[in-house]
Amino acid sequence: DGGITQSPKYLFRKEGQNVTLSCEQNLNHDAMYWYRQDPGQGLRLIYYSQIVNDFQKGDIAEGYSVSREKKESFPLTVTSAQKNPTAFYLCASSTGSLAKNIQYFGAGTRLSVL
Amino acid sequence: AQTVTQSQPEMSVQEAETVTLSCTYDTSENNYYLFWYKQPPSRQMILVIRQEAYKQQNATENRFSVNFQKAAKSFSLKISDSQLGDTAMYFCAFMSLTGANNLFFGTGTRLTVIP
């Protein structure tokens, strides 16, 4: 089945710890995105990547880092510098072409702080 | 920056009835895309419908249709013959055609379909 796989579904972080959220897609999409969702708010863009080995900061990149070494993978690291990491994190991908630029989402990862 | 406003935090509708969710946006651009996404309790974001700003015809997908008023910067979603499975959060989103084609989301409307 084609799709976007996020893991783990639930993740707990201890204070001062870095944690990494996985996002893998087999849709052959060029562009990938990370969003954060807090209660009562819409999704906010953390980072995005339009091509392998390149990525850009979104609106709330502070305290996060990403890499894009393979087309299929776009992991997000929540660093200890992110003081309020508890949220629901969604990964998305799209073809990157304007003609059909629909973003498809994974099932999300819920991150909580211990 | 683009802003998207959904002024109805919660709505409810009787099963089989029709409901309209409101969305307004602010942009200085002339060409863009607008989307409605559904987020059921599973929290998976699912695309409901997409509208291209250069098209005057309102998009329709089965029981879902939009009322796109470009001059008023309004993009409402109409759900006809509401079903229990329509219970979800609904997010309106804007995509610019310049730059990185990122999505800007509203804060969502929680829709409950009552049996």
Side-chain angles (χ1 to χ4, degrees), chain A residues 1 3-6 8-10 23 25 27 29-51 54-61 66 68 74 87-111, chain B residues 1-10 21-26 29-55 59 61 75 77 88-110:
Chain A
D1 282 289
I4 302 170
T5 302
Q6 289 188 241
K9 191 170 182 178
Y10 300 96
C23 179
Q25 54 97 2
L27 300 169
H29 285 172
D30 289 313
M32 297 186 74
Y33 308 81
W34 274 107
Y35 292 92
R36 170 178 171 143
Q37 185 178 25
D38 293 284
Q41 297 192 35
L43 280 65
R44 293 182 291 168
L45 182 67
I46 305 172
Y47 267 99
Y48 64 95
S49 168
Q50 292 183 293
I51 197 169
D54 184 55
F55 49 83
Q56 306 295 329
K57 292 182 179 180
D59 299 322
I60 55 167
V66 294
R68 187 84 188 276
F74 191 41
F88 189 64
Y89 292 85
L90 284 156
C91 177
S93 71
S94 71
T95 63
S97 72
L98 291 177
K100 292 189 176 182
N101 209 338
I102 296 170
Q103 290 189 20
Y104 298 91
F105 286 81
T109 293
R110 170 160 290 287
L111 175 62
Chain B
Q2 330 295 347
T3 57
V4 178
T5 302
Q6 292 180 251
S7 58
Q8 305 153 315
E10 295 188 19
L21 309 183
S22 301
C23 173
T24 59
Y25 57 94
D26 187 26
E29 299 181 19
N30 191 46
N31 290 319
Y32 45 87
Y33 289 147
L34 294 163
F35 301 83
W36 279 98
Y37 277 89
K38 168 185 176 181
Q39 189 179 41
S42 68
R43 306 205 70 174
Q44 174 99 45
M45 293 287 283
I46 302 165
L47 177 67
V48 175
I49 201 164
R50 179 180 79 159
Q51 175 79 41
E52 292 140 329
Y54 64 85
K55 290 187 176 178
E61 289 286 342
F75 183 59
L77 174 70
M89 284 288 290
Y90 286 83
F91 291 95
C92 178
F94 172 98
M95 178 184 285
S96 168
L97 296 189
T98 59
N101 310 124
N102 299 328
L103 283 171
F104 295 89
F105 286 85
T107 53
T109 296
R110 182 176 301 280

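Residue numbers begin at 1 in each chain, while the letters A, B, ... track the order of the sequences. Computed from a predicted model, the values in this text were never measured in an experiment. We use all heavy atoms of the structure for the numbers below, so side chains are in, but hydrogens, waters and symmetry mates are not.
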Which answer fits A/Leu43, side chain, backbone, both or neither, if we ask what part of it has an atom under 4.5 Å from a heavy atom of chain B? both
Are more than 12 heavy atoms, taken from residues, nucleotides or ligands other than A/Ile51, located less than 6.0 Å from that residue's CD1 atom? no
Please look at A/Arg110 and chain B and tell me whether the side chain, the backbone, both or neither of the residue comes under 4.5 angstrom of a heavy atom of that chain. side chain
Mind running side chain to side chain contact (heavy atoms under 4.5 Å, CB included) on B/Tyr33 and A/Ile102 for me, showing each step along the way? CA-CA 9 Å; B/Tyr33 289 147; A/Ile102 296 170; over 6 Å; no
So, the part of B/Gln39 with a heavy atom under 4.5 Å from chain A: the answer is side chain
Show your working on side chain to side chain contact (heavy atoms under 4.5 Å, CB included) between B/Asn102 and A/Gln56 and close with a plain yes or no. CA-CA 11 Å; B/Asn102 299 328; A/Gln56 306 295 329; over 6 Å; no
Check side chain to side chain donor-acceptor pair (under 3.5 Å) between A/Tyr35 and all other residues, then give those that pass, not counting sequence neighbours. A/Gln103
Please report the interatomic distance CD(B/Gln44) to CD1(A/Ile4), rounded to the nearest 0.5 Å. 8.0 Å
Going by the salt bridge (charged side-chain N to carboxylate O under 4.0 Å, His left out) test, which pairs reach into residues 32-49 of chain B, not counting sequence neighbours? none
Answer with side chain, backbone, both or neither: which region of B/Leu47 has an atom nearer than 4.5 Å to a non-hydrogen atom of chain A? side chain
Give the member of B/Phe35, B/Phe91, B/Phe105 that has the highest number of heavy-atom pairs under 4.5 Å with chain A. B/Phe105
